[in-house]
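Quick one: this structure, given as structure tokens, is what I'll be asking you about.
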2 protein chains.
Amino acid sequence: MIFIIDNHIDRCEVSCIHPKQVEYARSNMLDDDTVLSLANIFKTLGDATRMKIIYSLMLRELCVCDIAAVINASESSVSHHLRLLRTQKIVKFRRDGKVLYYSLDDDHIVSLIKEGLDHVNE
Amino acid sequence: MIFIIDNHIDRCEVSCIHPKQVEYARSNMLDDDTVLSLANIFKTLGDATRMKIIYSLMLRELCVCDIAAVINASESSVSHHLRLLRTQKIVKFRRDGKVLYYSLDDDHIVSLIKEGLDHVNE
DNA sequence: TAGACATATGAACAACTATTCATATGTCTA
DNA sequence: TAGACATATGAATAGTTGTTCATATGTCTA
């Protein structure tokens, strides 16, 4: 007589110890798009150069080369970062002749940063 | 007669258009350590897997393999991320026999995420 | 309209990061 | 005390990201 033992039968795809709690946590989980958007905002703020750029714009609008001077970075680097911040609607700009003036365009971001600062300063 | 022209004389290290405004923005700038810490928090939250891990712990503590099941990731990957979150004091754990239960250990982080969610949901 | 200037953009490269696989550690139980 | 199990850890790899350099674009002025 042959016994075929299949111990995969009552295993879920990913093994887990507490199926009930897994189900519970899963039911509360954000959908993938939301997680991605959420992580994306934080990723944008998670670079020191970008953080400085945003922070330099807290008081007033600045042109690109002034931003570069304030944070001590190359204009090219600043420009690349500004593009990213632009596509995420975190900054906006206006043109005055040859000069582009950038300014903050998202209050949520500012309060996120302030909240983050509270955390850093414990 | 020889003229020596040094056009570096009245240029600041980084050229800028509006020195006054640069000075003003500079006076308001965060010091480097603060910027780095700040960016670091956001960087930690800026990864989808870590975001899911943190979010899965919103309701209750979970063990490693349950977290892995909830977010559909390998236990090894989860373990690596948990180490990072541990060193940043974002999660803590308690041991019960072979099983380690992780839970959130930082209210600031939770409110940061909530604030971020407000932003995503506009 | 040519040249100067502010900024943008693309490509290349170096540094960093997340995941995986293999292995180690620590705890329980037979 | 050996083996099973949950988790941690290290090394290797693939993908991502920031910076730089070279060049392009758009605007002003002589």
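Residue numbers start from 1 in every chain, and the chains themselves are labelled A, B, ... in the order their sequence lines are given, proteins ahead of strands.
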Could you tell me how far apart A:Glu75 (CD) and C:dG10 (P) are, to the nearest whole angstrom?
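Distance, rounded to whole Å: 19 Å.
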
Tell me every residue that passes ring pair (Phe, Tyr, Trp, His ring centres under 6.0 Å) with A:His119, counting only those two or more places apart in sequence or in another chain.
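Residues passing ring pair (Phe, Tyr, Trp, His ring centres under 6.0 Å) with A:His119: B:His108.
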
Taking distance alone, no hydrogens or angles, what donor-acceptor pairs closer than 3.5 Å link side-chain atoms of residues 95-104 of chain B to residues at least two apart or in another chain?
from, atom 1, to, atom 2, distance (Å)
B:Arg95, NH1, B:Gly97, O, 3.1
B:Tyr101, OH, A:His18, NE2, 3.2
B:Tyr102, OH, B:Arg86, NH1, 2.9

The side chain of A:Val99 is closest to which nucleotide in this list: D:dA8, C:dT7, D:dA6?
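Per side-chain heavy atoms of A:Val99, the pick is C:dT7.
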
For atom CD1 of B:Ile53 and atom C1' of D:dA8, their distance in whole Å:
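Atom-to-atom, B:Ile53 to D:dA8, this comes out as 14 Å.
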
Partner set under ring pair (Phe, Tyr, Trp, His ring centres under 6.0 Å) for B:Phe42, not counting sequence neighbours
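For B:Phe42 the ring pair (Phe, Tyr, Trp, His ring centres under 6.0 Å) partners, ignoring immediate neighbours, are A:Phe42.
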
List, with names and distances, any nitrogen or oxygen atoms from the protein found under 3.5 Å away from nitrogen or oxygen atoms belonging to nucleotides 18-22 of chain D.
from, atom 1, to, atom 2, distance (Å)
D:dG18, OP1, A:Arg50, NH1, 3.0
D:dG18, OP1, A:Arg50, NH2, 2.7
D:dT19, OP1, A:Thr49, OG1, 2.8
D:dT19, OP2, A:Ser77, OG, 3.1
D:dT19, OP2, A:His81, NE2, 2.3
D:dT20, OP2, A:Ser74, OG, 3.2
D:dT20, O4, A:His80, NE2, 3.1
D:dC21, N4, A:Ser76, OG, 2.8

Non-neighbouring partners of A:Asp118 that pass salt bridge (Lys or Arg N to Asp or Glu O under 4.0 Å), sequence neighbours left out
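Scan of A:Asp118 (salt bridge (Lys or Arg N to Asp or Glu O under 4.0 Å), adjacent residues dropped) gives none.
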
When every nucleotide of nucleotides 23-30 of chain C is labelled 5' to 3' by its protein contacts under 4.0 Å (heavy atoms), B for base, S for sugar-phosphate only, - for none, what sequence of letters results?
---BBS--

Please enumerate all residues that pass ring pair (Phe, Tyr, Trp, His ring centres under 6.0 Å) together with A:His80, with sequence neighbours excluded.
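Partners of A:His80 under the ring pair (Phe, Tyr, Trp, His ring centres under 6.0 Å) test: none.
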
Kindly state each residue pair satisfying salt bridge (Lys or Arg N to Asp or Glu O under 4.0 Å) with at least one member in residues 33-50 of chain A, sequence neighbours excluded.
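Output for this query is empty, none listed.
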
Results of ring pair (Phe, Tyr, Trp, His ring centres under 6.0 Å) for A:Tyr24 - residues two or more places apart only:
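For A:Tyr24 there are no ring pair (Phe, Tyr, Trp, His ring centres under 6.0 Å) partners, ignoring immediate neighbours.
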
Which residues satisfy the side chain to side chain contact (heavy atoms under 4.5 Å, CB included) test with B:Ser74, sequence neighbours excluded?
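Scan of B:Ser74 (side chain to side chain contact (heavy atoms under 4.5 Å, CB included), adjacent residues dropped) gives B:Ser76, B:Ser77.
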
Contact list please: residues 32-41 of chain A against DNA chain C, heavy atoms, distance less than 4.0 Å, in numerical order.
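Nucleic-acid contacts, sorted: none.
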
Can you give me the bend angle of the helix from C:dT1-D:dA30 to C:dA30-D:dT1? Use the axis through the first five pairs and the one through the last five, nearest 10 degrees.
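One end axis against the other gives 10°.
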
